[in-house]
A.B. asks: 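Here it is, the structure in full.
The basis for the numbers below is simple: all heavy atoms, side chains too, and nothing from hydrogens, waters or symmetry mates. Every value quoted in this text rests on a predicted model; they were computed, and no experiment measured them.
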Amino acid sequence: MPWPLPLLPWPVLVPAHGAHGAHGVHGVRDSLLARDSIESVQEWHDSLADETAALRDISSDVCWHAGFTKERCCRGDPSTTKDCWDGSYSFGECCPNADCWMGETFTYDFCCADRHGPEGNQACWSGDFTHQLCCLANATSNSWADILASEIETEQFYQMDDFYTDAQYGDEWGYYSKGHVLLGGGKGGQGQEQTQQFAHFTTYPMALSPHFARVFCRLLFIMWVQLHERAPFRVVEMGAGSGQLAYDTQQCVRTNALGLAPAVWRRWAAAFEYTIMERSPALRKRQQSRGLRSVAGDAQSTGSCKSVLAALAASAACTGGEGVDALDAPECRANERGTAEAGASVVLSNELLDAFAPVKLRFSLYGKPNITSCRSWQEVRLVHTITQEKLRTLLHVLGYSEDAAEGTISQVQGWTDATFCAMANTTIGLEVQQQVAANTSCLAITFSLSELVNHLDLGVPFASHNMRMRIRKDTKLSDRLRLITERLNRELETSVALPRDVYRQVRHQLRDVPDLEADFLHSVQTHLFPVSITKERCDDLEWWFKAHEARIAKLALFYRGLGYPALHLVVRPGEDNFIDLVDCLLGPTGGFKLSLDYGANFEGLAHSLSVDGDNDGIFVPPIPHELMEGLPECHNFWPKCAGRIDWTTFVDFTNLAAAGERRGWRTVFYGPQNLLEQVSRLNLTLNGNSYSVPGYAVLQQDGWVSRHVKGWYGRESDMDGTGVQRWTSFKALLLEKPSAKEAQSPILFPSWHLDTRLTDPCWSFDPSTVPLADWIPRQGKDSHDALTKLTDEINQKLGRQYAEGYEETQLAVRLVDFLVAKSGCDAVRPATVAAILERPGKWEVLRRRLLNKWGEMWGEETVTRVARGILERLASGEEEEATWPFACAGQQAAMLLCATPGGASKAGSRL
């Protein structure tokens, strides 16, 4: 499915010059902060210095000509150089320091006169108001959003991550905490054999039980071997849901479901321990009812480390039998951090990270923004409104007296007026008032400005003086603003805004009255509002800005060249805390972190957000009709049914890997989840010990090709009949906290890239991201020119090509693994492959064998074409020339299985 990437017509710009150069060959062990990053950041800085490449503020183009310059006209206040202003343009429209001067208190003379010295009057400077900006007019103007909120406190505007957390995990009305996630709303138990435990979704561990867990089980065994048969070998699963993965994995170990050599299995089973850390009380109770060890903890808080380590130290081996005191062995001692004896060896998570609370950020591309400065960024917050009548009725039903209800409404109305009318009377708000009908509400004026930001075709500026000019003189923008304001004024008539604490109080009082809670959700409207990033938030994100500076610079060059006014990005602060927690659990001797979830790399997700200003990166999964009874339409706008439905987000795997990197970790593998599966046998020798690890496949001999089996193997365009391929579908990320001796990767398949600068040079295109975001840079330096040549036919063709490429790259690995499992590594040697291609009969026998295994799922044409392409690549021995990604993946899989590191052999069983 093609991704729409509109060319924005306003303003007219000279595009930035950024080439999509050839990528060097990088292994997955190279730093994510690749050496190319310096080059990318320098290119961004060079573009800012180039006046022809910059996304220019409108005032720079229309205010200054002949003898009228910014230096002459703006070094003062409106009365300093009166001849600059003839009625066509004003000081407030043209000068970046216009917001410095307030009435008779802060004037140019009071702040900047020579008598105050070279740095001016120090009493005038605070925050963004500096001597350089106000006196010299030689700094970036304050943003219009900053000016709009300059006279108010935005603390009572809900931070997006706080709202998300309250609605998902909050004790009062959280979806998971209240048990809505479970069948029957958490009432009544489910038997151990019941794998469908959730109210309106299922997970792969449940849908593919027990095979999904056995793929994990096999990987855990290989990790145990590579960690020198560590004992105890402690596995921690975070956010285990129904507990199906934990249950099936432990059954796999206990019953030797993998078919390991008996002597090896006995040592493995004796060392193996499994513990769950779960935030949801309802889910933790369900897990414990299945006989699973589960301890309370929040995966987004390092504070959970101590309680998990205490649970590990309380294992059966350490506690002994009934009445026996805990043993005093080193592995039985709980410490502040994991130790060599008492830490975890592996931390797992499946569909956990998508539940981490997101923050939406906006980075302006106007002027000369600094990527690592919070001044260049805004975060999106939420404000809830409700009509006075609805609020009054609600309060009466909740038992408020008439006086108490009216007093509450009066307080809320007072906060609404004080907050939003203060914004409406700023210099930005007053400009809006000049364009709209008299008596337009303060709520309508302020929310219309916040809504205007997402109209990408308008190119809404960043600087306050440019915003004033655009409101006054750009008829397209002012007409749109007027329409939005008129609609909001009708919708918000008699409405009040609920401060965050009042909203929380109402939800607390409604927590046990579901029908009334549903009525409240019908009545409330949610509005998104951009505000400045607070110092606390800025401190939390400092590492994020620096870690992704090069990626953001590359994105900024791309979108500014297309005329976009801003980048939209989503960050989950909990991801860094999560990696910190895992680091604490693994201890100094190292270990592995394996995460499965749906998502993509940093740049792919940024593209999907930046082309659609209304996309907040939060999605509502499909909901059964019976669970929607009494609720409003929940899918149109994600906050609408907060607390009563599940939300999800796409995981940024690049950010997770970067968080690990800054702690000295390495990225071992990233790619589609089915690449965790290896059906061919693996032979290992370590410390003089030899191990033969049987392969395992989710798709068993004569197995049913269900839609979840198709999804596991990447055949998602055929999974639900929509024909849509999701490039954000399930991926696996394996990180290692290295010990003294670096372990070999337990996954013998080619890793995908987490940074587009590390895209495999063998790939002729990158199917792992938004098609146009990859295609446009490949057309040359001028991205603006490339997009003007894009036709609907090309766009549709790209959508199909990239979707098929995404799927077929996964199929290629499966075909090679199958061939090795059936016939050993000789089956993929160049001489063997060439002989097959030269003899039609041999080729037909092989083709039929592959179709017998994969034809039902993939279709004859696809299996035949992909298999032929892989064999031709293997026979040629060509490695440098770029080609179809599936041919590259097949060739690399054969090399990794049979050459470096190798060890693969025939499965020794029927497939």
Side-chain angles (χ1 to χ4, degrees), residues 25-29 215 218-219 222 668-684 693 695-699 712-715 731-732 734 744-753 759-764 766-768 805-830 832-833 836 846 849-850 853-854 857-858 862-863 865-907 911:
V25 179
H26 299 282
V28 296
R29 299 186 184 186
V215 171
R218 182 181 178 278
L219 281 175
I222 298 172
V668 178
F669 174 84
Y670 166 70
Q673 64 176 359
N674 73 82
L675 299 193
L676 300 180
E677 174 188 306
Q678 182 180 339
V679 71
S680 53
R681 183 176 293 272
L682 177 62
N683 302 305
L684 294 171
V693 188
Y696 195 85
V698 166
L699 179 59
W712 167 259
Y713 286 109
R715 185 59 165 153
K731 311 284 197 316
L734 179 62
Q744 186 176 307
S745 172
I747 303 170
L748 295 188
F749 293 122
S751 181
W752 290 19
H753 57 274
T759 304
D760 192 333
C762 180
W763 286 12
S764 59
D766 180 4
S768 71
Y806 186 91
E807 293 190 341
E808 292 167 1
T809 302
Q810 299 174 68
L811 171 62
V813 174
R814 299 272 59 89
L815 295 180
V816 170
D817 187 26
F818 177 78
L819 289 176
V820 173
K822 291 290 287 185
S823 305
C825 284
D826 283 344
V828 293
R829 308 288 186 207
T832 306
V833 171
I836 292 173
L846 176 60
R849 179 183 291 180
L850 295 174
K853 179 69 176 180
W854 301 105
M857 185 183 302
W858 292 90
T862 299
V863 172
R865 175 170 46 81
V866 172
R868 186 86 187 184
I870 295 170
L871 295 184
E872 290 173 350
R873 183 79 174 186
L874 289 172
S876 71
E878 178 64 57
E879 294 185 12
E880 299 300 325
E881 183 179 352
T883 186
W884 291 94
F886 72 75
C888 303
Q891 183 183 40
Q892 292 161 359
M895 180 182 69
L896 290 168
L897 286 172
C898 297
T900 55
S905 65
K906 294 172 64 173
L911 296 174

A.B. asks: When rounded to the nearest 0.5 angstrom, what distance separates NZ in Lys906 from SG in Cys825?
C.D. replies: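 The NZ atom of Lys906 sits 11.5 Å away from the SG atom of Cys825.
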A.B. asks: What is the minimum heavy-atom distance between Val833 and Ala827, and which atoms define it?
C.D. replies: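 Where Val833 meets Ala827 most closely, the heavy atoms are CG2-O, 3.6 Å.
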A.B. asks: Is there a side-chain contact between Lys853 and Arg814 in this structure, where contact means two heavy atoms from C-beta onward sitting under 4.5 Å apart?
C.D. replies: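 A side-chain contact under 4.5 Å is absent here.
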A.B. asks: What's the separation between atom CG in Leu748 and atom CD in Gln678, rounded to the nearest 0.5 Å?
C.D. replies: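 Rounded to the nearest 0.5 Å, the CG-CD separation comes out at 5.0 Å.
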A.B. asks: Do His753 and Asp760 come close enough that some side-chain heavy atom pair is under 4.5 Å?
C.D. replies: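 No - every pair of side-chain heavy atoms lies 4.5 Å or more apart.
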A.B. asks: Could you report the tightest heavy-atom contact between Thr809 and Pro885, atom names first, then the distance?
C.D. replies: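 So the two residues come closest at OG1-CB, 3.4 Å.
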A.B. asks: State, yes or no, whether a side-chain contact exists between Leu682 and Arg218 at a heavy-atom distance under 4.5 Å.
C.D. replies: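 Heavy-atom side-chain distance check passes, below 4.5 Å.
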A.B. asks: Do Asn674 and Val215 come close enough that some side-chain heavy atom pair is under 4.5 Å?
C.D. replies: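 Side-chain contact under 4.5 Å: no.
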A.B. asks: For Arg849 versus Ser823, what's the shortest heavy-atom pair and its separation?
C.D. replies: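 Smallest interatomic distance, heavy atoms only, reads NH1-OG, 3.5 Å.
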A.B. asks: Can you check whether Pro767 reaches Glu808 side chain to side chain, under 4.5 Å on heavy atoms?
C.D. replies: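 Pro767 does not reach Glu808 side chain to side chain.
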A.B. asks: Considering all heavy atoms of both residues, which atom of Gly869 and which atom of Ala887 are nearest to each other, and what is their separation?
C.D. replies: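 It is O-CB, 4.2 Å.
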A.B. asks: Check whether any side-chain heavy atom of Val816 lies under 4.5 Å from a side-chain heavy atom of Val828, and answer yes or no.
C.D. replies: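 Val816 reaches Val828 side chain to side chain.
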A.B. asks: Mind listing the closest non-hydrogen atom pair of Leu675 and Pro750 along with its distance?
C.D. replies: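 Closest heavy-atom pair between Leu675 and Pro750: CD1-O, 3.8 Å.
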A.B. asks: So, taking the atom named CH2 in Trp854 and the one named CG in Leu811, what distance separates them when rounded to the nearest 0.5 Å?
C.D. replies: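 That separation rounds to 7.5 Å.
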A.B. asks: How long is the span from the CZ atom in Arg715 to the CH2 atom in Trp858, to the nearest 0.5 Å?
C.D. replies: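 Here the interatomic distance stands at 6.0 Å.
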A.B. asks: side-chain contact (heavy atoms from CB on, under 4.5 Å) between Phe749 and Leu676: does it pass, once the steps are laid out?
C.D. replies: CA-CA 8 Å; Phe749 293 122; Leu676 300 180; over 6 Å; no
A.B. asks: Check the pair Leu871, Arg868 against side-chain contact (heavy atoms from CB on, under 4.5 Å), reporting the backbone distance first and the verdict last.
C.D. replies: CA-CA 5 Å; Leu871 295 184; Arg868 186 86 187 184; 5.9 Å; no
A.B. asks: Does some side-chain heavy atom of Gln810 sit less than 4.5 Å from a side-chain heavy atom of Tyr713?
C.D. replies: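 Side chain of Tyr713 against side chain of Gln810, heavy atoms only: no contact under 4.5 Å found.
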A.B. asks: Between Leu815 and Leu850, does the side-chain contact (heavy atoms from CB on, under 4.5 Å) criterion hold? Intermediate values first, please.
C.D. replies: CA-CA 7 Å; Leu815 295 180; Leu850 295 174; 4.0 Å; yes
A.B. asks: With rounding to the nearest 0.5 Å, note down the distance linking CH2 in Trp752 to CG in Asp766.
C.D. replies: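 Interatomic distance, Trp752 CH2 to Asp766 CG, rounded to 0.5 Å: 8.5 Å.
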A.B. asks: Does some side-chain heavy atom of Pro746 sit less than 4.5 Å from a side-chain heavy atom of Leu734?
C.D. replies: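 Yes; the side chains approach each other to less than 4.5 Å.
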A.B. asks: Would you confirm whether Ser905, through its side chain, and Gly824, through its main-chain N or O, come within 3.5 Å as a donor-acceptor pair?
C.D. replies: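 Side chain of Ser905 to backbone of Gly824: no pair is present.
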A.B. asks: If you measure from OG on Ser751 to CZ on Phe669, what distance do you get to the nearest 0.5 Å?
C.D. replies: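 So the gap between those two atoms works out to 5.5 Å.
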A.B. asks: Can you name the nearest heavy-atom pair linking Gly877 to Gln891, along with the distance?
C.D. replies: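 Shortest heavy-atom separation between Gly877 and Gln891 comes out as C-NE2, 4.1 Å.
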A.B. asks: Report, as yes or no, whether the 6.0 Å neighbourhood of atom CH2 on Trp884 holds more than 12 heavy atoms from other residues, nucleotides or ligands.
C.D. replies: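 Result for CH2/Trp884: open.
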